[in-house]
Amino acid sequence: MALDAIMISKLIVDVQAILPCRINKIYQISKTELLFQLKTHEGKKQLLISCHSLYNRFNLSNRKFPTPEEPGNFVMLLRKYLEGASILSLKQENLDRHLKMEVSFTNDIGDRVKWFLSIELMGKYANVILVNDAGIIVDALKRIPPFENNLRTIHPGAKFKEIEPQNKLNPFNTTIYDHEIPLTKQFLGFSPLLEKEVNYRLANGQSFSNIMQEIKDSNNIYIANKDNEAIFHCIELKHLGKNVSYPMHEGLDVVYYHLEEKDRIKQISGDIFKFVNAQIKHYSNKLPKLLNAYDESLDCEIWKEYGDLLYTYNIQDTKGQKFIILESFNDGSPIKIPLDPKLDGKQNANKCYTKYHKQKKAQDHLLKQIKITQDELEYFNGIKQQLEIAEFNDAKEIKEELTTLGYLKKMPQKIRKNKKEETPKYSIINLENTRILYGKNNLQNDYLTFKLANKNDMWFHAKDYHGSHVIVQGEINEDIIRLAANIAAYYSAGRLSSSVPVNYCNIKNLKKIPQAKPGLVQLTTYKTIYIDPDIDLINAYISDRT
């Protein structure tokens with residue numbers, strides 16, 4: 001869900017508290033997201049502005065975000081004018097979903113000028129617009145030419161037009177409301193969600209003024225779950241039941257970070273989702289054709305019998321005939337032999353022998369192709385499962401794996417001196433005397449199992465599923481075994497199942513399969529535990545990450 005204007009009014013307070021500040025760096029972390037790295041009197045901060053049609057927002061964030069190797073045109077323009085500039089003020093216009101950020105910088109001739117960024121967080125119309133001191137649009141994240149909207153053109157050189165204010169009341173300045181009119185029609189800043197919550201509280205005896213005062217005093221975000229979707233606001237959503245609270249800006253990261261993760265993966269890493277799905281479709285279509293061809297090749301002996309019959313009975317003149325019926329050598333039953341009407345008997349016999357030898361040889365080739373196709377299909381199904389739970393760095397390593405194996409074309413990169421080989425960014429859970437390490441892709445799994453782990457470390461993996469390799473280092477007991485098995489079960493293709501079998505053994509009981517793709521192993525001695533995947537249990541233990 002997108003932010004309403006009342007939520008925005010709460011968020012800007014923390015940003016206003018760090019002003020004035022200096023813009024150190026500007027990044028475009030996806031097609032719809034800008035990241036400003038700020039130097040403030042409280043230290044370094046990051047301001048994220050998202051113009052996603054569904055997830056548009058702005059908030060201070062401590063998360064690490066990927067950045068594309070080639071910045072877009074708009075971010076290059078922002079860097080030209082605003083890197084090194086000062087943010088002087090941030091104001092919300094008319095308690096609506098648009099903000100005005102005033103910035104000051106020195107122009108090319110040494111004069112200090114003041115421009116502003118119009119930050120408009122209005123669903124599919126969300127945008128960031130750079131406007132100069134003459135009120136002319138310099139550029140925007142999303143350009144809207146006149147033929148798309150002749151009432152409000154967003155294009156370089158156009159005159160910036162303010163968003164017209166709504167004819168509604170400010171809910172913070174009144175205690176009176178009309179019971180017959182929806183709150184969203186009466187007041188600025190109200191979303192349907194907030195209206196439902198306020199109506200629920202009013203029905204349970206709380207006054208309108210008390211509710212608005214609670215909103216005004218709130219410094220937290222409250223997140224509830226409805227139909228597996230995170231629903232949030234700055235007051236507890238009592239009409240939705242159980243809520244979890246976070247500090248305001250941190251809570252938005254909790255809600256939105258993973259929702260936008262796949263968009264970032266597609267936009268920055270290239271659409272590997274589309275590539276993997278195309279490969280699965282290709283091999284899924286190819287496999288039944290190969291199996292049918294192999295079944296046909298198993299009938300090759302019949303062609304040898306046809307040839308033998310034509311030679312034995314000394315069939316000569318068959319031109320013009322499409323078939324001939326001869327008696328079987330075994331039981332004398334009639335056998336219908338197809339003929340080529342252009343050939344005589346001897347030539348037809350030779351054609352039958354040729355087809356026999358061709359199908360006989362094809363059996364070995366088809367068996368190899370079937371095995372290759374089955375392996376490829378299994379491999380890409382595993383990659384697809386890994387992408388479903390991947391964060392950006394996990395997906396980036398998956399792309400590196402596909403490039404290394406030759407599935408994707410290697411893109412030319414700028415040469416960097418003394419660049420060290422990067423270690424796959426596996427995940428860690430630190431316990432008192434134990435570490436649990438787990439991978440989310442083949443490169444991470446292969447590194448953990450065959451490079452990092454010691455021979456006496458314990459290894460876990462969901463049986464008969466693609467999934468995570470889990471390594472336990474240090475002390476081990478029943479609770480740790482169940483936690484490690486839970487991780488292996490959840491980060492596998494069986495995470496939505498119950499009683500998932502998980503194999504576990506010491507690393508010394510594993511063997512790398514020669515010439516196999518990364519992450520594949522052979523087990524000798526192992527035990528099996530059955531587990532119901534539980535992400536809440538895993539989240540309760542997560543404390544660190546490489």
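Atom-to-atom distance recorded for I49:CD1 and L121:CG is 8.0 Å, nearest 0.5 angstrom. Expressed to the nearest 0.5 Å, how far CG of L448 lies from OH of Y426 amounts to 6.5 Å. Here CD of E93 is found 7.5 Å from OG of S118. Values are rounded to the nearest 0.5 Å. For the atom pair L252 CG and M7 CE, the distance stands at 5.0 Å (nearest 0.5 Å).
Judged by distance alone, with hydrogens and angles left aside, the side-chain atoms of Q186 form a donor-acceptor pair with the main-chain N or O of D178 at under 3.5 Å. Without hydrogens or angle criteria, E120 side chain to Y125 main chain gives no donor-acceptor distance under 3.5 Å. A distance-only check finds a donor-acceptor pair linking the side chain of N445 to the backbone of G467 [under 3.5 Å]. Put simply, the side chain of D4 gets close to the backbone of I6: a donor and an acceptor are under 3.5 Å apart. Looking at N220, its side chain never comes within 3.5 Å of a backbone N or O of S218 through a donor-acceptor pair. Of the possible polar contacts, none joining the N210 side chain to the Q206 backbone as a donor-acceptor pair under 3.5 Å is found. With hydrogens and angles disregarded, no donor-acceptor distance shorter than 3.5 Å links the side chain of E397 to the backbone of N441. Side chain of H469 to main chain of G519: a donor-acceptor pair is present (N/O by atom type, distance under 3.5 Å, no hydrogens or angles). Judged by distance alone, with hydrogens and angles left aside, the side-chain atoms of R112 form a donor-acceptor pair with the main-chain N or O of S104 at under 3.5 Å. A donor-acceptor contact shorter than 3.5 Å links the side chain of S492 to the backbone of A489.
For the pair L78/Y27, no side-chain contact is recorded, criterion being any heavy-atom separation below 4.5 Å from C-beta on. For the pair K25/E83, a side-chain contact is recorded, criterion being any heavy-atom separation below 4.5 Å from C-beta on. Contact of the F380 side chain with the Y283 side chain is registered, since non-hydrogen atoms from C-beta on lie closer than 4.5 Å. Annotation: side chain of N24 is not in contact with side chain of L38 (no heavy-atom distance under 4.5 Å). Side-chain contact between F105 and D111 is absent, with no heavy atoms from C-beta onward closer than 4.5 Å. Counting only heavy atoms from C-beta outward, the side chains of L194 and V198 approach each other to under 4.5 Å. D534 is not listed as a side-chain neighbour of Y490, based on a closest heavy-atom distance of 4.5 Å or more. Side chains of I231 and L240 form a contact here, defined as non-hydrogen atoms less than 4.5 Å apart.
The two residues Q37 and Q46 make their nearest non-hydrogen contact at NE2-OE1, 3.5 Å. A pairwise comparison of heavy atoms in N56 and M122 identifies OD1-N, 4.0 Å as the closest pair. Scanning all heavy atoms of the two residues, the minimum distance from A230 to I223 falls at CB-CG2, 4.0 Å. T40 approaches C21 most closely through the heavy-atom pair CG2-CB, 3.6 Å. Here the closest non-hydrogen pair linking M248 and I221 is O-CG2, 3.9 Å. I428 approaches N430 most closely through the heavy-atom pair CG2-OD1, 3.4 Å.
The neighbour count for F450 CZ, taken as heavy atoms of other residues, nucleotides or ligands under 6.0 Å away, is above 12. Counted within 6.0 Å of CD on E42, heavy atoms from surrounding residues, nucleotides or ligands total more than 12; the atom is thus considered enclosed. The neighbour count for K142 NZ, taken as heavy atoms of other residues, nucleotides or ligands under 6.0 Å away, is above 12. Around NZ of K168, the count of heavy atoms belonging to other residues, nucleotides or ligands within 6.0 Å exceeds 12. Other residues, nucleotides and ligands place more than 12 heavy atoms under 6.0 Å from the CG atom of N433. A 6.0 Å sphere centred on CD1 of I181 holds more than 12 heavy atoms belonging to other residues, nucleotides or ligands.
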(message) Show, in sequence, the C-alpha distance, side-chain angles and deciding distance for L77 and Y81, and conclude whether the side-chain contact (heavy atoms from CB on, under 4.5 Å) test is met.
(response) CA-CA 7 Å; L77 182 135; Y81 291 109; 4.0 Å; yes
(message) Would E376 and K517 count as a salt bridge (Lys or Arg N to Asp or Glu O under 4.0 Å) here? Give the steps.
(response) CA-CA 10 Å; E376 293 295 279; K517 291 183 172 67; 2.7 Å; yes
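When only modelled atom types and interatomic distance are considered, Q166 and D96 share a side-chain donor-acceptor pair under 3.5 Å. Q386 and N442 are linked by a side-chain donor-acceptor pair at a separation below 3.5 angstrom, with hydrogens and angles left out of the test. Between D217 and Q213, the side chains place a donor N or O and an acceptor N or O closer than 3.5 Å (distance only, hydrogens not considered). At a cut-off of 3.5 Å, with distance as the only test, a side-chain donor of H249 or D14 sits close to an acceptor on the other residue. In summary, the side chains of Q473 and D457 do present a donor paired with an acceptor at a separation below 3.5 Å, with no hydrogens or angles considered.
Ring-centre distance between Y379 and Y407: below the 6.0 Å cut-off. Here Y256 and F232 bring their ring centres to under 6.0 angstrom of each other. Between F208 and F187, the ring centre distance stays below 6.0 Å.
Note on ring orientation: taking the six-membered ring where Trp is involved, the planes of H52 and Y55 are parallel (angle under 30°, cut-offs 30° and 60°).
We find that E162 and K100 are joined by a salt bridge, their nearest charged nitrogen and carboxylate oxygen being less than 4.0 Å apart. A salt bridge links D139 with R143; the closest basic N to acidic carboxylate O contact falls under 4.0 Å. For the pair R201 and E197, the salt-bridge criterion is met [side-chain N within less than 4.0 Å of a carboxylate O].
Just one residue in the list V103, L88, D133 forms a side chain to side chain contact (heavy atoms under 4.5 Å, CB included) with K114, and that residue is L88.
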